[in-house]
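Have a look at the structure below, then the notes.
Each chain gets a letter, A, B and so on, in the order its sequence line appears, and its residues count up from 1.
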Number of protein chains: 2
Amino acid sequence: MKHVEGGLRERKKLQTRAALADAALRLALEKGPDHVTVEEIAEAADVSVRTFFNYFPHKEHAILARNPEHLERALERMRTAPAEESPLTTMWLIVHDVLRELESDGQLSRRGELIMSSPSLLYQLMLSSLDDERQLTAALAERMGEPAGSVRPALIVSTAGAACRVVMELHKTAPERPIRDLLDEAFQLLAQGIDTAFGPDHQKKGTS
Amino acid sequence: MKHVEGGLRERKKLQTRAALADAALRLALEKGPDHVTVEEIAEAADVSVRTFFNYFPHKEHAILARNPEHLERALERMRTAPAEESPLTTMWLIVHDVLRELESDGQLSRRGELIMSSPSLLYQLMLSSLDDERQLTAALAERMGEPAGSVRPALIVSTAGAACRVVMELHKTAPERPIRDLLDEAFQLLAQGIDTAFGPDHQKKGTS
DNA sequence: GACAAACTTGCACTCACTGCAAACAATTAA
DNA sequence: TTAATTGTTTGCAGTGAGTGCAAGTTTGTC
């Protein structure tokens, strides 16, 4: 039956996957993500085009090469967080975790710019993060003991995501301010209220 | 030179556009958005495929047929809001505006479901709302007298967007609770703080 | 009616992506 | 070692999106 992880097959698959992802990222950086063809990527990784599609469903997937481990770790953290840790705090820790890893890769800013510059990459990122958000929301709702359809857990997860996106974009246009600063300010605002003067009732039925 | 808006040409263009958008929506509802081909849409609207692409850059654009008027009105409202109206309140009013219009169209839920069910539609929607958000953010920053790179205006706009998405999804899975209820709860949370117990400093440097 | 500008169309092309079946390589059992 | 099994790669054929170009056709102007 199943082997001890270390089969030749397993290793080869990982290798091929890595080769494809690397080639995809490199070429995307060189020529711009919209001017790379799958054919080039496959060629650079020395496999057929058809094989490319055995590994990645879309070109963009290969460029992003999203690490499923990140989501796994995030979910784990969400589930095992100490009871006295507030929900947004957990989200904050998760984000910082990912950030740390990306930075150690040295790929953060290059990939970040790439993403922000290409609609189709943004597409992939947002779609896959939608899915992540759903799972995180489920985990958080459970942890908070809230029913499945309640607003707060979903809102916490999705606004945290929004905050990350805002921060990425701000950092891109004004790199002098460190990402962590921006991130902390954003989360602080989320936590304490983004607009304490909010009061739609005062102008009930705003007419056209 | 330029005419009084009412030229035959103008009218015909509007007609063709509407015919394409209608056909696209109808067919997408009938057969599922991913099983409609541009060819079918063009045929139903009685134009060539090539002409379809003169009107819409993507299939999804035709199905969404986003009304640029919405953004225009939103921007207008943002710029002309009374000084004493708080930022999030303005966003709230804008959202309710759009909601009202979509509902009167009778297309809200049908289109909404369609969107949530198809990745490629979601893609288009999110991309175009990204752009909307940028413009709204700029307008809001100006109104608030904040510098271009500041966090709060961007966060207000993008979390409001996130709230709308959360609400749409919740409403889809649990339609018994009216949209406006959900929306109000979400905005209230955004306004007053989503997690007042947030305190990352207490667990500084959470190690793995 | 003649002329220019705008719009439509067909055609040829590139590229993403899929299903299928044959070739091939790794694993396991004999 | 060999033979059977299973998983992976590949070529091929095909669908469909989307683009550029060079006619044609319509509409608006003089």
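For A:L8, taking side-chain heavy atoms from C-beta onward, the closest of the listed nucleotides C:dT27, D:dT10, C:dC7 is C:dT27.
Between B:V47 and B:R9, the residue whose closest nucleotide on DNA chain C is further toward the 5' end is B:R9.
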Using the salt bridge (charged side-chain N to carboxylate O under 4.0 Å, His left out) rule, take A:R79 and A:E142 through it: C-alpha gap first, then chi angles, then the decisive distance, then the call.
CA-CA 8 Å; A:R79 291 197 201 96; A:E142 168 142 12; over 6 Å; no
Working for salt bridge (charged side-chain N to carboxylate O under 4.0 Å, His left out), residues A:K31 and A:E40:
CA-CA 11 Å; A:K31 326 177 47 165; A:E40 291 171 308; 2.4 Å; yes
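Under the 30°/60° scheme for interplanar angles, the aromatic rings of A:F198 and B:F187 are found to be tilted.
Residue A:K12 has no polar side-chain atom (N or O) positioned under 4.0 Å from OP1 or OP2 of C:dA25. Using a 4.0 Å cut-off, no side-chain N or O of B:S48 falls inside it from OP1 or OP2 of C:dT8. For A:Y55, no side-chain nitrogen or oxygen approaches OP1 or OP2 of D:dT8 to under 4.0 Å.
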Mark up nucleotides 16-23 of chain C, 5' to 3', with B wherever a protein heavy atom is under 4.0 angstrom from a base atom, S wherever such an atom reaches only the sugar-phosphate, and - elsewhere.
SBBBB---
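Between the CD atom in B:E30 and the CZ atom in B:R26 there is a gap of 5.0 Å [rounded to 0.5 Å].
Within 6.0 Å of the CD atom in A:E185, the count of heavy atoms belonging to other residues, nucleotides or ligands exceeds 12.
What you find for A:T137 and A:P153 is that their closest heavy atoms are CG2-C, 4.1 Å.
Across residues 14-21 of chain B, not one residue has a non-hydrogen atom less than 4.0 Å from an atom of DNA chain C. Within residues 115-123 of chain B, no residue places a heavy atom under 4.0 Å from DNA chain C.
Side-chain atoms of B:T90 and B:E85 include a donor-acceptor pair closer than 3.5 Å.
Taking the charged nitrogens against the carboxylate oxygens, B:E133 and B:R165 do have a contact shorter than 4.0 Å, which makes a salt bridge.
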